[in-house]
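Working notes, beginning with the structure itself.
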Amino acid sequence: MQLTDSPRAEGIRRLYELMLRVNSSTDLSEVLDEIARGVVEVLGYGIAAIARLEGETFVMTTVAGPEEVREQIIGRRTPVASIFNEFAQADEWGVLRFVPHDRMPDALEESAWVPDFEPGSGPDSWHPLDALYAPLYSATGQLLGNMSVDLPPGNRIPNREERELLEMFVVQAGLAMYNAQQRERLGDQVRMGEMLRSVSSAGQLAELDLSLREAAQAIAKGLGTEHMWIRCFPSGDVGQVEQSAAYPPDDRESSRELVQVKSLLAQRAQEVGRPVVINHADAYDLDQGLNDLQREVVRELVRDNPGGSLMFAPVAVGRELLGYVLLVRDAATRSWTAEEQEAVMEVGRTLGRVVLNARLYERERHLVGELQELDRYKGELIATISHELKTPLTSIIGHIELLEDLDTGIGSVEAISRNAERLNRLVQNLLNYSQIQDKRETVRLPVDLCKLAESSLDLMTMQAEQGRVKMSLDMPDEPVLVTADPDELGKVIDNLVSNAVKYSRAEGTVHLEVGTDGKHAWVLCEDTGLGISAADQVHLFSAFHRSSNPEALSIPGTGLGLAISRRIAQMHGGEIIVASELGVGSTFRLRLPVRDASSEVPIDSMVALEDEPTDEIAVRRIGRAG
Ligand code: ADP
């Protein structure tokens, strides 16, 4: 034993320094680099290579030694089973495993890197096919990786001292690797959380294309990909791309076959609940339920991305596949961690919701457009028909009046006259309805709601007396002013009062009330009439709606009055609210903003109102259409 204490002490000192550095680092690949370099520089081995355990495979991630060796073996993947196979043949040196060349399994001999030198003849000379491994464990005994060393100092099989030093390195390396891995996992979780948040907020953008583009960028940054694509297709057709985004941006179109194969892989990922990962090395024994042709397509894809690790994930909602995400990263630097894979699945679900919402929204917008067009057509139809009916009807009514004047004694004339008047009212209502639908700008004048209410009561007096309905009005002494078109607003109150009288039984009451709270002004019309069921109230303000109540239906009406009234109220920035109970009575409240002088538009119609005694307060002309 020639060895003095000093090389050993020197080795331990260097190991200690190394560990201090390693334990302050948060970057796992940096830690592995330091360790491998330590083995080469401190312990004097020609090569030290560390493979990380990923599932059932060791992946070569770190190599210290000649650059050409590094280039050859980096990224190389070896099944754990085959390494364990070698371990079975090995001498156990503590945690180290030494496989002498004569026990090396044949298959491995071919795939492994073999240094090129002539073996010496001594019993302790190192043979090019000898292998020395150091499996790396965590403190709890979990296998994390495997270090292999070659070209030992002096090309001799390491002696006991050297083995002990290497062992110390290896044990420390396992612990450092475990710590770094934990830190990396934590970092990954934070990074993935941030990425998911960015993808979510990208999904809030108004345009789907923009959402996908922003999401693509967030994903590419979050995962450090070299390329990434998002492709979405119409449901049921996985070959046709409808929306897509890429980072870095990429306008190239994929062939139908390529899209189909990628979709198939995404589908597979969806079935198993985690992304499908394909590395360069796996591309030749692919089994993802692909046929020969599709396998060839994947190989081509892998060839197009040399050194890349490809990850496919579904863009989906529930079971429905709407697209896929394809990510490519350099396989040598990092493989996809469990956190990253889980996050990519979540990204796919988020994007699925975004795409589905955007499509629903688009469909809705289309539908609304169609409905608006239909509504416009309906309006035109009503306008044309009522206009066309008006002229002959006026002529008919004229001639009826002539007949009445002639006093022919024919009883039917009165019936004809009554029905012609009814028809006339209907046509007038239709005309009003179509005009109010088209109306954009109207007269805006100061209007006193008290005056309008009074004039509505006046108008209905006769009808109320005929039906033995009592009417009353409650209002403040001072005017209640709003800014309005007095004619239009008059129609609303007329309609409310006329309905209240019309749908009341004998001995019923109709009570009107005008008021204001300084911000809003209102007219309230309360009756003790037939009332309206909750179901009928839902459609009360739709054109042509009449209550389903047979008693109300027996009273002539068109179902247009309230539709017109509400539209007028809305055009004045107001609303009509109803409260009613079938068989008890109804209360309609017209509510408007109080007068706003700045929005008044004194147009020509003011001239006609100039001689009114209330000077600035416009009162409606008497003699409106009923
Ligand atoms: P019309 O009275 O010409 O049918 P409206 O649009 O004014 O049209 O009213 C729509 C329907 O609402 C009426 O047919 C009637 O059934 C019901 N209605 C309106 N006002 C009242 C009321 N005060 N009491 C009971 N029912 C009413």
Side-chain angles (χ1 to χ4, degrees), residues 378-379 382 385-386 389 418-437 452-453 456-457 459-461 463-464 466-473 488-513 522-571 574-591 624-626:
K378 182 196 78 178
I382 292 175
I385 291 177
S386 50
L389 285 174
R418 207 173 51 243
N419 282 297
E421 271 310 325
R422 200 166 143 190
L423 211 56
N424 197 29
R425 270 201 305 277
L426 169 63
V427 170
Q428 190 56 50
N429 264 335
L430 280 175
L431 270 176
N432 281 347
Y433 177 72
S434 61
Q435 280 162 4
I436 206 75
Q437 290 302 310
L452 291 189
S456 287
L457 276 195
L459 192 72
M460 290 307 297
T461 314
Q463 213 167 317
Q466 278 167 6
R468 283 190 284 141
V469 175
K470 276 199 211 65
M471 297 201 293
S472 54
L473 170 62
E488 298 292 351
L489 214 52
K491 279 185 206 158
V492 176
I493 302 173
D494 284 356
N495 184 243
L496 295 183
V497 180
S498 139
N499 277 350
V501 173
K502 205 160 74 165
Y503 299 107
S504 279
R505 301 193 183 95
E507 310 310 330
T509 59
V510 170
H511 177 67
L512 271 186
E513 205 178 287
W522 61 79
V523 178
L524 192 127
C525 178
E526 194 177 26
D527 67 59
T528 56
L530 305 183
I532 307 156
S533 71
D536 281 328
Q537 284 177 38
V538 176
H539 304 290
L540 200 62
F541 295 93
S542 311
F544 303 108
H545 174 80
R546 305 210 61 211
S547 297
S548 51
N549 170 16
E551 198 178 344
L553 270 180
S554 70
I555 301 165
T558 57
L560 282 171
L562 287 178
I564 296 172
S565 300
R566 183 172 70 168
R567 173 89 176 123
I568 295 174
Q570 285 170 344
M571 283 167 58
E575 57 179 355
I576 301 179
I577 306 160
V578 62
S580 182
E581 196 180 324
L582 194 63
V584 177
S586 314
T587 305
F588 285 83
R589 181 197 290 264
L590 164 69
R591 205 169 74 125
R624 330 123 271 213

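These numbers were taken from a predicted model, which means no experiment stands behind them. Any value given below was found using the heavy atoms of this structure, including those in side chains, with hydrogens, waters and symmetry copies removed. Whatever order the structure lists ligands and atoms in, that order sets their numbers, starting from 1.
Annotation: side chain to side chain donor-acceptor pair (under 3.5 Å) contacts of Gln466 (sequence neighbours excluded): none. Scored by the side chain to side chain donor-acceptor pair (under 3.5 Å) test, Ser547 finds no partners at all (sequence neighbours excluded). In this structure Ser580 satisfies the side chain to side chain donor-acceptor pair (under 3.5 Å) test together with Ser586, sequence neighbours excluded.
Atoms CG and CG, on Leu512 and Leu457 in that order, are 4.5 Å from each other to the nearest 0.5 Å.
For ligand 1, the 4.0 Å heavy-atom shell takes in Asn495, Asn499, Ala500, Lys502, Tyr503, Asp527, Gly531, Ile532, Leu540, His545, Arg546, Ser547, Ala552, Gly557, Thr558, Gly559, Leu560, Gly561, Leu562, Ser586, Phe588, ordered by chain and residue number.
Comment: Glu488 engages Lys491 in a salt bridge, judged by a side-chain N to carboxylate O separation of less than 4.0 angstrom.
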### Task
Might you work through the side chain to side chain contact (heavy atoms under 4.5 Å, CB included) test for Met471 and Val497, ending with a clear yes or no?
CA-CA 9 Å; Met471 297 201 293; Val497 180; 4.3 Å; yes
